[in-house]
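Below, chain A is the first sequence line, B the second, and so on; all start at residue 1.
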Amino acid sequence: MSRTLVKDALNAAAPMDAILLQGWVRTRRDAKGFSFIELNDGSGLKGIQIIANATLPNYGTEVAKAHTGASLEVRGKLVPSQGQGQKWEVVAEAITVLGEADATYPLQKKGHTLEFLREIAHLRPRSNLFGAVFRVRSRLAYAIHQFFQAKSFVYVHAPIITASDCEGAGELFRVTTLDPSHPPMTEDGHVDFKQDFFHKKAYLTVSGQLEAEIFACALSNVYTFGPTFRAENSNTSRHAAEFWMIEPEMAFCDLQGNMDLAEEFVKYLIRDAREHCAADLEFFSKFVDKELLSRLDFVLQRPFQRCSYTEAIEIITKSGKTWEHPVVWGDNLQSEHERFLGEEHFKCPVTVYNYPRTLKPFYMRVNEDGKTVRAMDLLVPGIGEIIGGSQREERLEVLRENMAHHKLNEKDYWWYLDLRRYGTVPHAGFGLGFERMLMFVTGVGNIRDVIPFARTPGTAEF
RNA sequence: UGCCCGGUAGCUCAGUGGCAGAGCAGGUGACUGUUAAUCACUUGGUCGCUGGUUCGAUCCCAGCCCGGGCAGCCA
């Protein structure tokens with residue numbers, strides 16, 4: 001007999017004379033002469049109710065002692081439930097306890113704090129919340145490919161190990177096979193990376209953008225979707241040292257087209273989760289964030305607001321509010337300003353574009369005013385920036401000037417410059433933080449709780 | 001990295017300069033249908049670590065460790 005998933009049993013159209021279920025005990029309730037066992041196999045939020053009669057040969061020795069967490073194999077009949085609260089239940093004819101879980105099993109049928117569950121990341125997927133989070137994560141990963149594939153974007157695998165310190169985006173993780181206590185030295189007393197594995201310094205990637213640009217300048221529309229690493233000592237609820245990022249890159253595309261795609265993409269993912277993860281989202285709406293569903297629907301219903309950096313500064317300074325960090329044109333927007341724009345002023349996702357040139361990396365396209373670049377950040381309520389992107393500088397001479405300004409060595413980027421030497425085209429792209437998107441869709445407030453095994457400063461357990 | 005908050009039973013938390021507490025979980029028993037079942041009884045502690053003050057510290061003080069929140073960096 002083949003196994004039936006709990007979710008399929010719960011959706012059965014008719015009773016079944018013979019059914020095989022496998023899963024873990026969520027709770028057992030004993031009555032005189034029989035027990036109720038709620039069995040969950042992760043296929044959905046809801047478990048199925050098993051009726052274990054005392055007439056089962058191993059009832060007294062095993063079944064009635066199966067605690068929360070024990071793994072079971074149940075053979076029996078699927079019948080209409082006599083009780084309230086569920087349509088179907090299984091009357092067991094044989095129950096095998098595959099693995100007992102004793103009293104030290106840390107997960108209870110009671111609620112746990114997220115902080116505690118983080119410490120038992122190997123068991124937390126068995127909880128309602130994390131089962132739901134990771135089902136949504138899986139679904140959205142799939143939806144990302146569907147979205148781009150339907151638009152004929154080509155999926156590109158950008159390298160994870162890189163020798164280029166892309167865009168100078170903060171601290172990088174070094175990749176090396178040198179002996180840290182006795183590295184080879186050069187005559188002038190520095191570590192000799194010529195003797196390292198790649199014959200030069202190497203790092204974990206902080207972005208697949210530059211490689212995506214190469215492929216966009218050949219295949220037109222591409223996207224990457226992979227892990228990304230930042231060695232920043234960030235201790236916030238929305239930063240991780242290892243996270244997943246989606247980076248579309250489009251040739252023959254400007255900032256407008258970039259902003260349009262970002263908005264369409266975010267809305268597509270929300271709509272997909274609404275449709276395909278309905279039960280899980282309702283669970284989040286009930287236990288994590290009461291306003292989740294209304295907020296998601298609100299976001300779907302109207303266009304995102306767009307405002308230039310210059311307009312944003314005006315809105316902030318004319319708001320009459322007192323700021324911890326007052327801003328003038330040329331300053332970075334602080335968290336308090338971004339929150340004000342999204343949560344108070346516009347009350348919906350906002351794309352801020354055309355930032356001062358001095359605030360942004362060398363590859364962003366300089367505007368006609370010479371002072372701003374075609375950058376864009378998408379800010380969403382509750383999280384802040386989930387997308388950062390730009391139109392890229394396609395003019396060779398301007399790009400070289402920018403590189404000189406940022407004190408970058410052209411030799412290190414010879415191939416990047418070649419893209420502008422040979423058949424250069426306007427192009428644009430952005431990066432969407434997958435975990436931040438998941439936080440927005442699930443209402444879960446900490447990035448450590450939407451990734452299976454979070455890597456943050458000082459923490460790489462599991 | 002900076003500022004702030006916390007660490008007491010397996011979990012969630014209360015509490016006090018003088019015998020260490022509750023709810024849940026676990027155990028035993030009761031109950032013919034429960035839904036985080038219910039009821040009775042019950043096991044369970046290096047009060048984060050180190051040092052100091054004190055007759056006496058889980059409580060007061062200092063340092064350290066760990067967790068969380070916010071800020072910066074960004075996605």
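Across all strands, A:Q334 comes closer than 4.0 Å only to sugar-phosphate atoms, never to a base (heavy-atom distances). A:I246 comes within 4.0 angstrom of nothing in the nucleic acid, heavy atoms only. Within 4.0 Å of A:Q86, counting heavy atoms only, lies at least one base atom of the nucleic acid. Within 4.0 Å of A:D30, counting heavy atoms only, lies at least one base atom of the nucleic acid. Using a 4.0 Å heavy-atom criterion, one finds that A:F116 contacts the sugar-phosphate atoms exclusively. Among the heavy atoms of the strands lying under 4.0 Å from A:E115 are primed sugar atoms or P, OP1, OP2 only; no base atom is included. Using a 4.0 Å heavy-atom criterion, one finds that A:T113 contacts the sugar-phosphate atoms exclusively. Contact annotation for A:G431: backbone-only contact, meaning every heavy-atom pair under 4.0 Å involves sugar-phosphate atoms and none involves a base. Residue A:N446 is classed as a sugar-phosphate contact, given heavy-atom separations below 4.0 Å to backbone atoms only. Within 4.0 Å (heavy atoms only), A:R28 reaches no atom of the nucleic acid at all. Counting any heavy atom pair closer than 4.0 Å across all strands shown, A:T456 reaches no nucleic acid atom. At the heavy-atom level, A:S81 lies under 4.0 Å from base atoms of the strands shown. A:R118 comes within 4.0 angstrom of the backbone, heavy atoms only, and of no base.
The stacking criteria are not both satisfied for A:F34 over the base of B:G33, which would need a centre-to-centre distance under 5.5 angstrom and an angle between ring planes under 30 degrees.
Contact check, A:T236 against B:C74: no side-chain N or O comes under 4.0 Å of OP1 or OP2. Proximity of A:K46 to the phosphate of B:U35: no side-chain N or O atom is located under 4.0 Å from OP1 or OP2. For the pair A:S234 and B:G72, the criterion of a side-chain N or O lying under 4.0 Å from OP1 or OP2 is not met. A sub-4.0 Å separation between OP1 or OP2 of B:A37 and a side-chain N or O of A:R29 is present. Look at A:R124 and you won't find any side-chain N or O under 4.0 angstrom from OP1 or OP2 of B:C11. Between B:A75 and A:T228, no contact under 4.0 Å exists linking OP1 or OP2 to a side-chain N or O. One finds no side-chain N or O of A:T27 lying less than 4.0 angstrom from the OP1 or OP2 phosphate oxygen of B:U34.
Between the side chain of A:E89 and the base of B:G33, at least one donor-acceptor pair of N or O atoms lies under 3.5 Å.
Taking the side chain as every heavy atom from C-beta outward, A:V352 and A:L379 approach each other to under 4.5 Å. Contact check for A:F453 versus A:E242: no side-chain heavy atoms found under the 4.5 Å cut-off.
Note: A:W329 and A:Y309 have perpendicular aromatic rings, judged against thresholds of 30 and 60 degrees for the angle between ring planes. Using bins of under 30°, 30° to 60° and over 60° for the plane-to-plane angle, the ring pair A:W244/A:F225 lands in the perpendicular bin. Ring planes of A:F362 and A:Y416: perpendicular class, angle over 60° (limits at 30 and 60°).
Of the candidates B:C11, B:C31, B:G69, the closest approach to any side-chain atom of A:Q108 belongs to B:C11.
Between A:E336 atom CD and B:G69 atom C1' there is a gap of 17 Å when expressed in whole angstrom units.
The pair A:D377-A:K360 meets the salt-bridge criterion, since a charged nitrogen lies less than 4.0 angstrom from a carboxylate oxygen.
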